[in-house]
Amino acid sequence: MKKLSFSKVMLWFGLLFLYAPMFILVIYSFNESKLVTVWSGFSPKWYGELFRDEQILDAVWVSLRIAFYSATMAVIIGTMAAFVMTRFRRSWAKLTLSNMITAPLVMPEVITGLSLLLLFVQMADTFGWPAERGMLTVWIAHSTFCAAYVAVVVSSRLRELDQSIEEAAMDLGATPLKTFFLITVPMIAPALIAGWLLSFSLSLDDLVIASFASGPGSTTLPMVVFSSVRLGVSPKINALATIIILAVSLVAFLSWYLTRRAEKKAKEAMGS
């Protein structure tokens, strides 16, 4: 019998610490009782109740749309900011931009949400826009703080690139814009995808900033879950969390499979 090493013990302990609560949550999503902490028998009825709850379904749809739009806009803004941070010569303007981009990473979400709320109110009083807070203001708010994470991820990738490839393309007649889209973007594509997925997750999970920036008709899923938890945890929340865990697991497995398949093909091409 092989002796377990300390590293393996700590690995299994860490995995158990991380995934045991999720495993218990999945089990209790099939609990027949209304009390989430008391097991009274196996039943999938709460999944049916979940799909009949229009408030939760509407909140899921709103959250998914906001997360998609916010992640896309954050990638655009964050990539431009990262390009400025890494490719422009050192100056006070570049240093100021770098500090402003990274500020949302360390700033409490309460301060960010409150400042955005005051901004929207002042803009509405001065310009008449936005007339009311809703999906648009939540989208702007989420794009603002998600762009900081994208900028950090993309800038780290840009610093590792060999700029001589871009310089060679421009020496051969390519314009800077064409060089960026045909040379730079493909090379930083993994960082762009990582930044988009990170922004999507942050937007989908955000509660504090969305609470300040949202209005009637733009209630996100975390806001619905939090308001229901304050009145008592419903087994429908367990069912919803189980579906989210399943969806994330499938995406992670698919990403791992595609990455492994691409690496295998690359090795076979190099071997031949």
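Applying the ring pair (Phe, Tyr, Trp, His ring centres under 6.0 Å) test to Phe83 and every residue at least two apart in sequence or in another chain returns Phe180.
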Would you please test Val225 and Leu240 for side-chain contact (heavy atoms from CB on, under 4.5 Å) and show each step? CA-CA 10 Å; Val225 172; Leu240 176 63; 4.2 Å; yes
Derivation and outcome, side-chain contact (heavy atoms from CB on, under 4.5 Å), residues Tyr47 and Ser29: CA-CA 8 Å; Tyr47 288 88; Ser29 68; 2.7 Å; yes
With side-chain contact (heavy atoms from CB on, under 4.5 Å) as the criterion, how do Ile244 and Leu221 come out once you've worked through the C-alpha distance, each side chain's angles and the decisive distance to 0.1 Å? CA-CA 12 Å; Ile244 293 175; Leu221 179 61; 4.2 Å; yes
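Under the 3.5 Å distance criterion, the side-chain polar atoms of Arg157 are left unmatched by any main-chain donor or acceptor of Ala189. Judged by distance alone, with hydrogens and angles left aside, the side-chain atoms of Ser40 form a donor-acceptor pair with the main-chain N or O of Ser33 at under 3.5 Å. A donor-acceptor distance shorter than 3.5 angstrom exists from the side chain of Ser227 to the backbone of Val224, with no hydrogens or angles considered. In terms of modelled atom types and a separation under 3.5 Å, the side chain of Thr137 and the main chain of Gly134 share a donor-acceptor contact. The backbone N or O of Ala59 sits nowhere less than 3.5 Å from a side-chain atom of Thr219 that would complete a donor-acceptor pair. Using a distance-only test at 3.5 Å, with no hydrogens or angles considered, a donor-acceptor pair links the side chain of Ser115 to the main chain of Thr112.
Here the rule is side chain to side chain contact (heavy atoms under 4.5 Å, CB included) with Val154, and of Val75, Ile188, Thr86 only Ile188 fits it. When each of Leu116, Leu204, Ile209 is paired with His142, the side chain to side chain contact (heavy atoms under 4.5 Å, CB included) condition holds for Ile209 and for no other.
Taking hydrophobic clusters as Ile, Leu, Val, Met, Phe, Trp and Tyr residues chained together by side-chain heavy-atom distances below 4.5 Å, Trp139 shares a cluster with Leu198. Under the 4.5 Å side-chain contact rule for hydrophobic residues, Val138 and Ile76 do not share a cluster. Residues Val248 and Val251 do not share a hydrophobic cluster, defined by chaining ILVMFWY side chains whose heavy atoms lie under 4.5 Å apart. Under a hydrophobic clustering in which Ile, Leu, Val, Met, Phe, Trp and Tyr are joined whenever their side-chain heavy atoms come within less than 4.5 Å, directly or via other members, Leu64 and Leu250 fall into different clusters.
More than 12 non-hydrogen atoms from other residues, nucleotides or ligands lie less than 6.0 angstrom from CH2 of Trp196. Annotation for Phe42: atom CZ counts as buried by contact number, over 12 foreign heavy atoms lying within 6.0 Å.
Between Trp61 and Leu57 the shortest side-chain heavy-atom distance does not fall below 4.5 Å. Ile243 is listed as a side-chain neighbour of Phe51, based on a closest heavy-atom distance under 4.5 Å. Contact check for Pro235 versus Asn31: no side-chain heavy atoms found under the 4.5 Å cut-off.
Inspection of the Ser143 and Tyr69 side chains reveals no N or O donor paired with an N or O acceptor under 3.5 Å.
Met187 CE to Ile165 CD1: the interatomic distance, rounded to the nearest 0.5 Å, is 5.0 Å. Summarising the geometry, atom OG belonging to Ser7 is positioned 12.5 Å from atom CH2 belonging to Trp12; distances are rounded to the nearest 0.5 Å. Interatomic distance, Ser199 OG to Phe68 CZ, rounded to the nearest 0.5 Å: 12.5 Å. Within the model, atoms CG of Leu207 and CZ of Phe212 stand 10.0 Å from one another, a figure rounded to the nearest 0.5 Å.
What you find for Thr79 and Val150 is that their closest heavy atoms are N-CG1, 4.2 Å.
The aromatic rings of Phe17 and Phe13 sit parallel to each other, their planes meeting at less than 30°, with 60° as the upper class boundary.
For residues 109-129, no residue pair satisfies the ring-ring contact (aromatic ring centres under 6.0 Å, His included) rule, not counting sequence neighbours. For the salt bridge (charged side-chain N to carboxylate O under 4.0 Å, His left out) condition, no pair includes a residue of residues 114-142, sequence neighbours left out.
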